[in-house]
Amino acid sequence: MTAIILDQIAGKLPLWVEDSRKCSSEGRVASYIPELSKAPTEALGIHLLDGSGRSASAGDCGLSFTMQSISKVFTLILALIENGEEAVFHKVGMEPTGDNFNSMLKLELVRPGIPFNPLINAGAIAISSLIGGRNAEEKSARTLQFFRSLAGNDSLECDEDVRRSESETANLNRSMAYLLKDNGVLEGDVEEVLAVYFHHCSISVTCADLARMALVLAFDGVDPIKGERLIPRRYVQIAKTFMTTCGMYNASGEFAIQVGLPAKSGVSGGILTLVPGQYGIGVVGPALNAKGNSIAGVQLLETMSRELDLSMF
Ligand code: GLU
């Protein structure tokens, strides 16, 4: 990996974005949450932020979108802060599954019936039940506050239309949560846990917000712009390891080979990634490939990694 100089890439970024944007017509916007299907198929944007607060962006970086699975990285970190490693890994495992992100297959097949990792839906729902607070409202408020502090943006909010749309159509997640309750994984009321989960998946961000959150991970838990530690180093290490092994659904191995950076994507087409010690990066491209990752976003990151020699490996 080589150090990348912002001025050197600022000129090339728009060209790489326009080149990668072309493949968005081969992808499809997620529609199983009906509200997500309204996203613009051809959009592609990127924002990079360095430790001194300098940034570069290109394309549709002003687009707002919901975090979806990207939020799972940060609820994991919040659950670790509030409960410690032992309690968290009593409820979720540490291994990739090779199954779909919303599969409940192994919850019945493999004992003790805990989710394989915190980034698949079952694992993230289990993590939602570990967030502190007396009820769903308090847990959601605490989560939103944590996300706002990481993004350095007090105006982050949940997109109520997306949250409602998911809640009304979440038959699979709902079945999974009830199975988790029966397996003894979920604490408390199942509908309350699901409400916390739908809320954090529906927090609305831009690429700049993702880049700022990623920057904290790139600097091992310290916000370099404010000079403030926000996350213990060990928990960032855990989060980045999960991002590397299972952050990009069942294309995590391929992404590690082609891009070589810790990353997490979501069904709304967002990707959060980082260059350790250097940059936080936020990308959005709502059209997804067959593995569920932003088709143009992955292509853009592959190009950047190759051209700038960004791989950690
Ligand atoms: N809220 C989405 C779901 O539970 C998140 C999925 C994702 O982004 O992978 O289906």
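One-based numbering, in listed order, for ligands and for the atoms of each. The structure displayed is predicted, hence computed values, not measured ones.
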*Check each atom of ligand 1 against the heavy atoms of Glu166 and keep those under 4.0 Å away; list them by number with element.*
1 (N), 2 (C), 3 (C), 4 (O), 10 (O)
*Taking only heavy atoms of Asn173, which atoms of ligand 1 are found under 4.0 Å from at least one of them?*
3 (C), 4 (O), 10 (O)
*Quick one: do Glu157 and Arg148 make a salt bridge, cutoff under 4.0 Å?*
yes
*Hey, is ligand 1 close enough to Gln68 that some N/O pair sits below 3.5 Å?*
yes
*Kindly confirm or rule out a cation-pi arrangement of Lys264 over Tyr249, judged by NZ or CZ under 6.0 Å from the six-membered ring centre and within 45° of its axis?*
yes
*asked:* Test your reading of the model: is there a side-chain donor-acceptor pair from Ser167 to the backbone of Arg163, 3.5 Å cut-off?
replied: no
*asked:* Quick check on contacts: which atoms of ligand 1 are under 4.0 angstrom from a heavy atom of Phe101?
replied: 6 (C), 9 (O), 10 (O)
*asked:* Under 4.0 Å from a heavy atom of Gly266: which atoms of ligand 1 are those, numbered in the order shown and with their elements?
replied: 8 (O)
*Look at ligand 1 and say whether Phe198 reaches it with a heavy atom at a distance under 4.0 Å.*
no
*Give the atoms of ligand 1, by number and element, whose distance to some non-hydrogen atom of Val267 is under 4.0 Å.*
6 (C), 7 (C), 8 (O), 9 (O)
_What I want to find out is whether Asp60 reaches Arg21 closely enough, with some N-O distance under 4.0 Å, to be called a salt bridge._
yes
*With a 4.0 Å heavy-atom cut-off (strictly under), which part of Cys201 contacts ligand 1: side chain, backbone, both or neither?*
side chain
_Lys226/Ser149 under side chain to side chain contact (heavy atoms under 4.5 Å, CB included): CA gap, chis, key distance, verdict_ = CA-CA 11 Å; Lys226 288 191 182 157; Ser149 71; over 6 Å; no
_Side chain, backbone, both or neither: Tyr197 near ligand 1, heavy atoms under 4.0 Å_ = side chain
*Among all protein heavy atoms, pick out the one at the shortest distance from atom 10 (O) of ligand 1; state its residue, atom name and that distance to 0.1 Å.*
Tyr32 OH, 2.5 Å
*asked:* Can you give me the closest heavy-atom contact between Lys181 and Gly188, atom names plus distance?
replied: NZ-O, 2.8 Å
*Which ligand 1 atoms are under 4.0 Å away from a heavy-atom of Tyr249?*
7 (C), 8 (O), 9 (O)
*Closest non-hydrogen atom pair, Ile271 against Ala263*: CG2-CB, 4.3 Å
*Measure Asn121 to ligand 1 on non-hydrogen atoms and call it side chain, backbone, both or neither using the 4.0 Å cut-off.*
side chain
*Member of Ile70, Asp209, Val283, Val205 meeting the side chain to side chain contact (heavy atoms under 4.5 Å, CB included) criterion with Leu272*: Ile70
*What part of Ile70, side chain from CB on, backbone N/CA/C/O, both or neither, has a heavy atom under 4.0 Å from ligand 1?*
neither
*What protein heavy atom sits nearest atom 7 (C) of ligand 1, and how far away is it?*
Ser69 OG, 2.7 Å
*Nearest-0.5 Å distance that lies between atom OG in Ser204 and atom CG in Leu63*: 9.0 Å
